Amino acid sequence: MLDINMLREQPDLVRQSLVKRQMDAAPVDQVLELDAQRRVFIQEAEQLKAERNSVSKEIGRSKDAAERQAKIEAMRLVGDRISQLDEQLRQVEESLHGVLSVIPNIPDPRTPLGKDEDENVVLRNVGQPRQFDFEPKPHWDLGPALGMIDFEQGVKITGSRFYVLSGPGARLQRALIAWMLDLHIRQGYTEKYTPFMVKAQTLFGAGQLPKFQDNLYHDIEEDLWMVPTAEVPLTGLHMEDVFDEASLPRLYTAYTPCFRREKMSAGRDVRGIKRGHQFDKVEMYIFCKPEESDAMLEKMRTDAEQTCAALGLPYRVKQLCTGDLGFGARMTYDIEVWSPGLQEWLEVSSVSNDGDFQSRRANIKYRPAEGGKTRLLHTLNGSGLGMPRTLIAVLENYQQADGSIIVPKVLRPWMGGVETITP
RNA sequence: GGAGAGGUCGCGUAGUCUGGCCUAGCGCGCACGCCUGGAGAGCGUGUUUCCCGCAAGGGAACGAGGGUUCGAAUCCCUCCCUCUCCGCCA
């Protein structure tokens, strides 16, 4: 959420930022209009409340029955008017909050201008794509042939866009998860295991609600929501908290499954395991002082890159342009690995600096060491790689002509020393 | 799921029966000052957050949300959470 003061004082900056994101700037004027109305109601209501408070005290002290009764009558009317105003105020604030809640973050000035994903900027390529002396197969051929992926069983027990990992497939994914968590711990992160279901307020704090409600699974009976990413519970860990400056930064990593309805991408990527309703992901998350967040973004990008590099996967780093930037982000790097079977780059990690966008929504602050008022801190999030796509990349990049898969060295300790997966 | 006890200004508590003098006392902690060679003790002062306002000042919050009332931490209702015991269960 943006600071309401920013909209009051620099509405043009916010309008421009919406335009840069290829969005309509009209909400800015709605906010200004509602904010003006809000202040009118507040001023009248507070004046009347001040009057009621002081007269009520007089009533408490008054000995004169007639005078007392007169004041009670008068205050009853004042009370009615206050109720009216409070109700009008409540409605205006609800509308204001509603509009403000769906305005995206202001892009960092260093985020390149661009219309859509085609204008994202490739910063560099790392590693050489492997040269095959045979036709590399896509994972949807490799996986079932090796008994690693079973698409039919996923559909049978749940439905489309669900799959079952089996034998070495299940074990390879578990190896990736365990290895990544350990890597992130070495990189300075503290591992967290969180609930996979959260309440609405937690989703609001991370910026998922109200705007992305359609993408979320919701249990109506208990009013709990399945997490679409570990970013949500990790943000929520410190809702309403005030940190001492000395205890920052906080670096967390967590593995969770992620649940997404994918209504927006119905019909896209339906084949294989690239886009499912349930997928596993290891996430990195940082709470830090505002002046540290630039450096933390670079650290997190480096940490994510190390994951790809250590797996021996060729990858490239992109910087998202304004038109493709996520809702809460000020600046984002995507890391993509090459998929020789699908013949495309797969986004396995997205690393973002959200500035104070989430911390304002979730009310997460810190107290400066020199004392004084508490300040909002900055948050960053990044995938320590999404599993299905990483699994795709490993299968397709490490495939041999005979259909077997070489297990990347770093994963072997979690694979019981297995070096090659064969049919 | 049943029974009971609770949720108050960082922490611990008082206040709730008997509504107004309670945004709220006390202790601890913390900050600053005095004192001291220095420290401690002691003494003094201060110590929540948000909102409206140029300011003076004002409003709001005692788990959350409703209600009663001129007036609610205090009375009523709903919900949430914590603890104890019982039941059930991986």
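Since the model is a prediction, treat every value here as computed from it, not as a measurement. Protein chains get the first letters and strands the later ones, always in sequence-line order, with residue 1 at the start of each.
Side-chain rings of A/Phe287 and A/His378 stay apart, their centers remaining 6.0 Å or farther from each other. Note: A/Phe204 and A/His97 meet the aromatic proximity criterion, with ring centroids under 6.0 Å apart.
Pairing partner, B/C88: none, since no Watson-Crick or wobble contact has both distances short of 3.5 Å. Under the Watson-Crick or G-U wobble criterion, with both distances below 3.5 Å, B/G65 is paired with B/C77. Pairing for B/C34 is with B/G42, a Watson-Crick or G-U wobble pair whose two hydrogen-bonding atom distances lie under 3.5 Å. In this structure, B/A72 makes no Watson-Crick or G-U wobble pair, since no nucleotide meets both defining distances under 3.5 angstrom. Both distances falling under 3.5 Å, in either a Watson-Crick or a G-U wobble arrangement, occur for no nucleotide opposite B/A56. Across all strands shown, B/G4 forms a Watson-Crick or G-U wobble pair with B/C83, both key distances being under 3.5 Å.
Within the nucleic acid shown, A/Arg360 has no heavy atom closer than 4.0 Å to any nucleic acid atom. Among the heavy atoms of the strands lying under 4.0 Å from A/Lys373 are primed sugar atoms or P, OP1, OP2 only; no base atom is included.
For the P atoms, the distance from B/C21 to B/A60 is 14 Å, rounded to whole Å. The separation of B/C88 from B/G67, taken at their C1' atoms, amounts to 37 Å, rounded to a whole angstrom. If you take atom C1' in B/U48 and the same atom in B/A24, they sit 12 Å apart, rounded to whole Å. Nucleotides B/A41 and B/U36 place their C1' atoms 11 Å apart, quoted to the nearest Å. The same atom, P, is picked in B/C22 and in B/A73; the two are 13 Å apart, to the nearest Å. Between B/G65 and B/C80, the two C1' atoms lie 10 Å apart (nearest whole Å). Spacing of C1' atoms, B/U84 relative to B/A14, comes out at 24 Å, to the nearest Å. Comparing the same atom, P, in B/G4 and in B/C76 gives a spacing of 16 Å after rounding to whole Å.
Remark: A/Tyr189 pairs with A/His184 by the ring-ring contact (aromatic ring centres under 6.0 Å, His included) rule, at least two apart or across chains. Among residues two or more places apart in sequence or in another chain, the salt bridge (charged side-chain N to carboxylate O under 4.0 Å, His left out) test is passed with A/Lys199 by none.
Going from atom CD1 of A/Ile4 over to atom P of B/C52 covers 9 Å, rounded to whole Å. If you measure from atom CZ of A/Arg61 to atom P of B/G71, you get 17 Å, rounded to the nearest angstrom. If you take CG of A/Asp86 and P of B/C51, they are 18 Å apart, rounded to a whole angstrom. Atom pair A/Leu376:CG and B/U49:P shows a separation of 13 Å (rounding to whole Å applied). Computed from coordinates, the A/Glu240 CD to B/C9 P distance equals 14 Å when rounded to whole Å. Going from atom CD of A/Glu67 over to atom P of B/C70 covers 17 Å, rounded to whole Å. In this structure, A/Leu89 places its CG atom 14 Å from C1' of B/C50, rounding to the nearest Å. Rounded to a whole Å, the NE2 atom of A/His97 is 16 Å from the P atom of B/C50.
Both A/Lys365 and A/Glu73 sit near RNA chain B, but only A/Lys365 has its closest nucleotide nearer the 5' end.
For the OP1/OP2 pair of B/G20 and a distance below 4.0 Å, the side-chain nitrogens and oxygens of A/Lys71 include no atom meeting the criterion.
When distances are taken from the side chain of A/Gln43 to each of B/C70, B/C52, B/C50, the shortest belongs to B/C52. Of the candidates B/C52, B/C70, B/C50, B/C52 carries the atom nearest the A/Arg8 side chain, counting heavy atoms from C-beta on. Side-chain atoms of A/Arg39 lie closest to B/G53 of the nucleotides B/G53, B/C51, B/C70.
Taking every heavy atom of both residues into account, A/Ile364 and A/Thr235 meet most closely at CD1-O, 3.7 Å.
Counting only distance, with no hydrogens or angles, the side chain of A/Ser95 and the backbone of A/Gln91 share a donor-acceptor pair below 3.5 Å.
The side-chain tip of A/Arg261 points at the ring of A/Tyr217 from less than 6.0 angstrom away and within 45° of straight on.
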Determine, stepwise, if the pair A/Leu123 / A/Tyr333 fulfils side chain to side chain contact (heavy atoms under 4.5 Å, CB included).
CA-CA 9 Å; A/Leu123 297 180; A/Tyr333 295 115; 3.5 Å; yes
Nucleotide N/O to protein N/O under 3.5 Å, stretch nucleotides 57-61 of chain B:
{"residue": "B/G58", "atom": "N2", "partner": "A/Glu46", "partner atom": "OE1", "Å": "2.9"}
{"residue": "B/G58", "atom": "N2", "partner": "A/Glu46", "partner atom": "OE2", "Å": "3.4"}
{"residue": "B/G59", "atom": "OP1", "partner": "A/Asn53", "partner atom": "ND2", "Å": "3.0"}
{"residue": "B/A60", "atom": "OP2", "partner": "A/Asn53", "partner atom": "ND2", "Å": "3.3"}

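Between A/Asp356 and A/Arg330, none of the side-chain N atoms (NZ, or NE/NH1/NH2) sits under 4.0 Å from a carboxylate O, so this pair counts as no salt bridge.
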